[in-house]
Amino acid sequence: DDKSMANSNNSISVALLFQNIENVKFFSGILRGMGIVPFFYEDLKSFCKGIQDSVPDLAFIDIRMMSDGEFTLKDQRTIQEGSVNLIFYANEKTSPLLISTYGLPHIGVVHSGMFIEEQFRAVMKRFYEFRGLKEKLNLLQDETRKKEQELGSLLKNREISDQRISYRQY
């Protein structure tokens, strides 16, 4: 529900890149209900400049906005590195453009039509779960590094101790 998602959002940043202002208003309303105030971009170039300056946690992109002439979303370093969680939006007419998302790391697609709000909430839930797993992975990696350092220190101390014992025997 919105309350639990709002509690787990921890001030996430969301960028919207849409052609249709009605879609921006609709999804902004849902996000605001979750306690998130999104940033809106009208064109791909300003979006790419904006996410280079300040990488959002999540970007929700109208599939029609994936390219602007020779300038493409796919070619942007921030996108290629997977620094931004992506959600795409398509309608019946633009669904064939979804092929351009293949190979991009994204967490879902919202299709216009029936149950659009429920689809969006489901993808947002997936985002929060994914984010939680990333946080757990980072904690486990930190713990592993600490344990490896401790083990290295213990092995070094053991080696020094073994050398002392060897010297005493002679």
Undergrad: Taking the side chain as every heavy atom from C-beta outward, state whether Lys134 and Asn85 have any atom pair closer than 4.5 Å.
TA: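 Sidechains of Asn85 and Lys134: in contact.
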Undergrad: Can you tell me if Ser13 uses its side chain to pair, donor with acceptor, with the backbone of Asp57 under 3.5 Å?
TA: yes
Undergrad: Looking only at the aromatic ring of each residue, does the gap between the centers of Phe26 and Phe120 stay below 6.0 angstrom?
TA: no
Undergrad: Between Glu81 and Arg77 (salt bridge meaning N to carboxylate O under 4.0 Å), is one present in this structure?
TA: yes
Undergrad: Going hydrophobic residue to hydrophobic residue with side-chain gaps under 4.5 angstrom, can you get from Leu58 over to Met65?
TA: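 In one cluster with Leu58: Met65, no.
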Undergrad: For the residue pair Asp75 and Thr72, what are the closest heavy atoms and their distance?
TA: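 Result for this residue pair: OD2-OG1, 2.6 Å.
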Undergrad: Would you confirm whether Thr144, through its side chain, and Leu140, through its main-chain N or O, come within 3.5 Å as a donor-acceptor pair?
TA: yes
Undergrad: Go through the steps for Val109 and Ile63 under the test side-chain contact (heavy atoms from CB on, under 4.5 Å), then give the verdict.
TA: CA-CA 9 Å; Val109 176; Ile63 194 69; over 6 Å; no
Undergrad: Which residues satisfy the side-chain hydrogen bond (donor to acceptor under 3.5 Å, both in side chains) test with Gln80, sequence neighbours excluded?
TA: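 Partners of Gln80 by the side-chain hydrogen bond (donor to acceptor under 3.5 Å, both in side chains) criterion come out as none, since no residue qualifies.
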Undergrad: Any non-hydrogen side-chain atom of Pro56 less than 4.5 Å from a side-chain atom of Val14?
TA: no
Undergrad: Got a salt bridge between Glu150 and Lys146, using NZ or NE/NH1/NH2 to carboxylate O under 4.0 Å?
TA: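 Salt bridge between Glu150 and Lys146, a charged N being under 4.0 Å from a carboxylate O: no.
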Undergrad: My understanding is that only residues two or more places apart in sequence, or in another chain, count here; which of them pass side-chain hydrogen bond (donor to acceptor under 3.5 Å, both in side chains) with Asn23?
TA: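 Listed in chain order: nothing, the list is empty.
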Undergrad: A quick test of your reading: do over 12 heavy atoms of other residues, nucleotides or ligands sit less than 6.0 Å from CZ of Arg158?
TA: no
Undergrad: Considering only Ile, Leu, Val, Met, Phe, Trp and Tyr, and joining two whenever side-chain heavy atoms are under 4.5 Å apart, list the other residues clustered with Val37.
TA: none
Undergrad: Tell me the salt bridge (charged side-chain N to carboxylate O under 4.0 Å, His left out) pairs involving residues 32-51, sequence neighbours left out?
TA: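 Matches after skipping sequence neighbours: Lys49-Asp53.
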Undergrad: Return each pair, listed once, that meets salt bridge (charged side-chain N to carboxylate O under 4.0 Å, His left out) where at least one residue sits in residues 104-114; pairs must be two or more places apart or across chains.
TA: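 Passing the test, one end in residues 104-114: no pairs.
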Undergrad: Does the side chain of Leu31 reach to within under 4.5 Å of the side chain of Met124, using non-hydrogen atoms?
TA: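 Of all side-chain heavy-atom pairs linking Met124 with Leu31, at least one is under 4.5 Å.
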Undergrad: Should Ile87 and Arg126 count as side-chain neighbours, where that means a heavy-atom distance under 4.5 Å?
TA: no
Undergrad: Taking side-chain hydrogen bond (donor to acceptor under 3.5 Å, both in side chains) as the definition, give me every residue that meets it alongside Asp68, ordered by chain and number, with sequence neighbours left out.
TA: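 Partners of Asp68 under the side-chain hydrogen bond (donor to acceptor under 3.5 Å, both in side chains) test: none.
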Undergrad: Not counting sequence neighbours, list each pair that qualifies as a salt bridge (charged side-chain N to carboxylate O under 4.0 Å, His left out) and has a residue in residues 18-28.
TA: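 Listed by first then second residue: Glu22-Lys25.
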Undergrad: Just wondering, do Leu151 and Glu148 contact through their side chains at under 4.5 Å, heavy atoms?
TA: no
Undergrad: Are Ile61 and Ile12 linked, directly or through intermediate hydrophobic residues, by side-chain heavy-atom contacts shorter than 4.5 Å (ILVMFWY only)?
TA: no
Undergrad: Using the side-chain hydrogen bond (donor to acceptor under 3.5 Å, both in side chains) criterion, which residues pair with Asn138? Sequence neighbours excluded.
TA: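 Expected list: none.
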Undergrad: What is the distance from atom CZ of Phe60 to atom CG of Leu16, rounded to the nearest 0.5 Å?
TA: 7.5 Å
Undergrad: Throw together a table of side-chain donor-acceptor distances under 3.5 angstrom for residues 98-107, partners on residues two or more places apart or in other chains.
TA:
from: Ser100; atom 1: OG; to: Leu97; atom 2: O; distance (Å): 2.7
from: Thr101; atom 1: OG1; to: Leu98; atom 2: O; distance (Å): 2.6
from: His106; atom 1: ND1; to: Gly108; atom 2: N; distance (Å): 3.3

Undergrad: Can you hop from Val24 to Met66 via hydrophobic side chains spaced under 4.5 Å?
TA: no
Undergrad: Between Ile30 and Met34, does the side-chain contact (heavy atoms from CB on, under 4.5 Å) criterion hold? Intermediate values first, please.
TA: CA-CA 7 Å; Ile30 296 170; Met34 297 172 159; 4.3 Å; yes
Undergrad: So do Cys48 and Phe71 actually touch side chain to side chain, heavy atoms under 4.5 Å?
TA: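 Side-chain contact under 4.5 Å: yes.
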Undergrad: Who pairs with Phe47 by ring pair (Phe, Tyr, Trp, His ring centres under 6.0 Å), at least two apart in sequence or on another chain?
TA: Tyr41
Undergrad: For Phe40, check ring pair (Phe, Tyr, Trp, His ring centres under 6.0 Å) against everything at least two apart and list the hits.
TA: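 None.
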Undergrad: Quick check on the hydrophobic clustering: are Phe127 and Phe27 connected, directly or via other members, by side-chain heavy-atom contacts under 4.5 Å?
TA: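 Hydrophobic grouping puts Phe127 with Phe27.
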Undergrad: Does a side-chain heavy-atom distance below 4.5 Å link Gln119 with Val123?
TA: no
Undergrad: What's the spacing between Phe88 CZ and Leu17 CG if we round to 0.5 Å?
TA: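 Output value for this atom pair is 10.0 Å.
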Undergrad: May I have all residue pairs that pass side chain to side chain donor-acceptor pair (under 3.5 Å) and include part of residues 87-97, sequence neighbours excluded?
TA: Asn91-Thr94
Undergrad: For the hydrophobic clusters of this structure (ILVMFWY residues joined by side-chain heavy atoms under 4.5 Å, transitively), does one cluster hold both Leu44 and Phe39?
TA: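 Per the 4.5 Å side-chain linkage, Leu44 and Phe39 are co-clustered.
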